[in-house]
Amino acid sequence: MFVAGMPSTAEADVIMAAPDRETNGEEQRKGPSVFFLHPDLGIGGAERLIIDAALALRARGCRVQIWTPRYDSTRCFSETSQLDIRIAGDWLPRNIFGRCHALCAVLRMIWLTLHVLLLSGEEFDVFVCDQVSACIPILRLARTHKKVLFYCHFPDQLLTKRKSLLKRIYRAPLDWLEEYTTGMADCILVNSYFTANIFKHTFKSLCHINPEVLYPSLNVNIFDTAISANIANIVPNGNKKFLFLSINRYERKKNLVLALEALHDLRGRLDAQSWSEVHLVLAGGYDEAVNENVEYFAELKALAIQLQIDEHITFLRSFSDEQKIALLNNSICVLYTPSNEHFGIVPLEAMYMKCPVIAVNSGGPMESVVDNQTGFLCSPLPTQFSEAMEKFIKDSNLKRTMGVAGRIRVLEKFSSEAFTEKLYQYILRLIL
């Protein structure tokens, strides 16, 4: 048995308990025991949802644990300190010479599941799984009247390209496994109607299943209680009049190049004085252990220099909640660049902070952002994004009016209260 921070070995099972675990014990024992199984508790939309779901169920009296092969307190959301986090299986590799990430994720989750069932000594009522469905048949075989809820952020097989025959051969059994095991869950939820349609189109053998939509909510407590950082410590000459913000992980699928090219195009639309007041912050989740993060970050910095806009850009990696709040408070709008995004929590965060959003007109943002009301939905073209950006520069009232509309929309449609109640009812439905 090892404590967090000590070296892990093949036999290591790291247990990290929240500081308030004992004080909340009586409250948690009143409700069902809900265990979350998640592949990597880092920073991202999937992790945000898992943490919010765990906090929501704990607030309703459930005993909650999150089990994961990987958890690093320096690269995660701050609320994880309030939760009971258990680690098992981090000794297994995350990749094999930079490849086979999907296979390794499956093996790590299978080990984690076996550990929970056979070695943890814990009692449980419901398992909540996401991202990797390969653990579901093990849970079904081992459990006695225990249920499994699977939350589908997006089919994993659509997240990577199959450019070579070897890649297609390698992925074929994994794709089959994903589809087959997903269908074994007792309840399947998705994060948007867009994802529900993709689910039906992708998993053809599961056409008889109609996954229910549970929109991610926004945990507004962090925005209401956290102390904002000093913007001058984040952005050089942070008093720029027109501060634009992009929040996304440093991954190619997030298409951060679009934000740089839009900024470059915007320069041609403005006079010299207005351009001197423009600045863009690219804030994103970043992990040195992920090769793509490292490579893409370097590519973006090189592109900024090539476009001669590097003096108008700040690259920020793995920022804190306080920094994010400062950026949202001081930005005139958020640029959300990924296409066919499954849902996207960033537009909700921006709108709650009364910061309008310019997003691509596909995927989840079409269900969260209202075009010409809480922001603009554009084709993924630099000219269209820059045209929308120009509107905020030319109309000084646009941020205020769209910002107010955005806050109202988040509170009405994506409240944590509605999310908590719906999720709790799904759990009750499974155990009754």
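These numbers come from the heavy atoms of this one structure, side chains and all, not from hydrogens, waters or symmetry mates. Since the structure is predicted, the reported quantities are computational estimates derived from the model, not experimental observations.
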Answer with yes or no whether the side chains of W275 and Q273 bring together a donor and an acceptor at under 3.5 Å.
no
With a 4.0 Å cut-off on N to O distance, would you call D395 and K391 a salt bridge?
no
If only atom types and distance count, is the side chain of T68 paired as donor or acceptor with the main-chain N or O of Y71 below 3.5 Å?
no
Any salt bridge linking R317 with D287? Criterion: basic side-chain nitrogen under 4.0 Å from a carboxylate oxygen.
no
One should read off an interatomic distance between L243 CG and H312 NE2, to the nearest 0.5 angstrom, of 12.5 Å
Taking the cut-offs as 6.0 angstrom to the six-membered ring centre and 45 degrees off its axis, would you call R249 and Y286 a cation-pi pair?
no
Distance-only side-chain donor-acceptor flag, Y250 / E295, under 3.5 Å
no
Is a side-chain N or O of E367 found less than 3.5 angstrom from the main chain of F194, in a donor-acceptor match?
yes
Check S217 against S415 and note the closest heavy-atom contact, atom names and distance.
CB-O, 3.6 Å
Would you find a donor on one side and an acceptor on the other, under 3.5 Å apart, between the side chain of S362 and the backbone of N340?
yes
Mind checking the CG-SG spacing from L107 to C100? Nearest 0.5 Å is all I need.
10.0 Å
Walk me through it: do K324 and I247 pass the test side chain to side chain contact (heavy atoms under 4.5 Å, CB included)?
CA-CA 9 Å; K324 178 165 64 175; I247 300 179; 4.1 Å; yes
Go through the steps for L280 and L260 under the test side chain to side chain contact (heavy atoms under 4.5 Å, CB included), then give the verdict.
CA-CA 8 Å; L280 168 66; L260 300 189; 4.2 Å; yes
Mind checking the CE-CG spacing from M351 to L328? Nearest 0.5 Å is all I need.
12.0 Å
Does the S274 side chain pair with the main chain of L270, one donor and one acceptor, at a distance under 3.5 Å?
no
Any chance you could measure L174, atom CG, to E179, atom CD, to the nearest 0.5 Å?
13.5 Å
E349 side chain to L218 backbone, donor-acceptor under 3.5 Å
no
Short question: side chain of E47, backbone of G44 - any donor-acceptor pair under 3.5 Å?
yes
Verify whether one side chain among T181 and S133 offers a donor that lies under 3.5 Å from an acceptor in the other.
yes
Working note: D40 + R108, criterion salt bridge (Lys or Arg N to Asp or Glu O under 4.0 Å); need CA distance, chi angles, decisive distance, verdict.
CA-CA 10 Å; D40 185 347; R108 285 159 66 92; over 6 Å; no
Measure from the ring center of Y151 to the ring center of H153 and say whether it is less than 6.0 Å.
yes
How about NZ on K167, more than 12 heavy atoms from neighbouring residues, nucleotides or ligands closer than 6.0 Å, or not?
yes
Please give me the minimum heavy-atom distance between L307 and H264, naming the atom from each residue.
O-CD2, 3.3 Å
Please test R70 against L41 for side chain to side chain contact (heavy atoms under 4.5 Å, CB included), starting from the C-alpha separation and ending with a verdict.
CA-CA 6 Å; R70 187 169 188 241; L41 204 61; over 6 Å; no
Please tell me if the side chains of L377 and V357 come closer than 4.5 Å, counting only heavy atoms from C-beta onward.
no
Counting the benzene-type ring for Trp, do F203 and Y180 have ring centres under 6.0 Å apart?
no
Under the salt bridge (Lys or Arg N to Asp or Glu O under 4.0 Å) rule, what do E390 and R269 come out as? Steps first, then yes or no, please.
CA-CA 8 Å; E390 183 185 14; R269 298 173 178 269; 3.4 Å; yes
Side chains of R171 and Q157, heavy atoms from C-beta outward: is any pair under 4.5 Å?
yes
I'd like to know if the side chain of R48 reaches the main chain of I345, judged simply by a donor and an acceptor atom lying under 3.5 Å from each other, with no hydrogens or angles considered.
no
Please walk me through it: do C187 and V148 pass side chain to side chain contact (heavy atoms under 4.5 Å, CB included)?
CA-CA 7 Å; C187 175; V148 180; over 6 Å; no
What's the shortest heavy-atom distance between P211 and K200, and which atoms?
CD-CD, 4.3 Å
K399 atom NZ, neighbour heavy-atom count above 12 within 6.0 Å:
yes
Could R63 and D84 be called an ion pair, given the rule that one side-chain N must be under 4.0 Å from one carboxylate O?
no
Classify the ring geometry between F376 and F392 as parallel (under 30°), tilted (30 to 60°) or perpendicular (over 60°).
perpendicular
Between the side chains of N191 and T195, does any donor sit under 3.5 Å from an acceptor?
yes
Hey, is E417 close enough to K422 for a salt bridge, meaning N to O under 4.0 Å?
no
For E299, does the CD atom sit with more than 12 other heavy atoms under 6.0 Å from it, leaving out its own atoms?
yes
Any side-chain to backbone donor/acceptor pair from T337 onto K254? Under 3.5 Å, distance only.
yes
Sidechain-backbone polar pair: S379 side chain, L381 backbone, donor-acceptor under 3.5 Å:
no
Verify whether one side chain among D224 and Y352 offers a donor that lies under 3.5 Å from an acceptor in the other.
yes
Under a plain distance cut-off of 3.5 Å, with no hydrogens placed, do T420 and R60 share a side-chain donor-acceptor pair?
no
Could you verify whether a donor N or O on one side chain and an acceptor N or O on the other, from S78 and D321, lie under 3.5 Å apart?
yes
Neighbour count above 12 (heavy atom, 6.0 Å) for R162 CZ:
yes
Shortest non-hydrogen pair, Y296 vs R252, comes out as CD1-CG, 3.5 Å
CG on L258 to CG on D265, rounded to 0.5 Å:
10.5 Å
For the backbone of K241 and the side chain of E277, can you confirm whether one donor and one acceptor N or O come within less than 3.5 Å of each other?
yes
Nearest-0.5 Å distance that lies between atom CD in E288 and atom CG in N293:
8.5 Å
Does the plane of the ring in F297 sit parallel, tilted or perpendicular to the ring in F315? Use 30° and 60° as the thresholds.
perpendicular
Can you check whether L282 reaches L256 side chain to side chain, under 4.5 Å on heavy atoms?
yes
Can you classify the ring geometry of F35 versus F127 as parallel (below 30°), tilted (30 to 60°) or perpendicular (above 60°)?
perpendicular
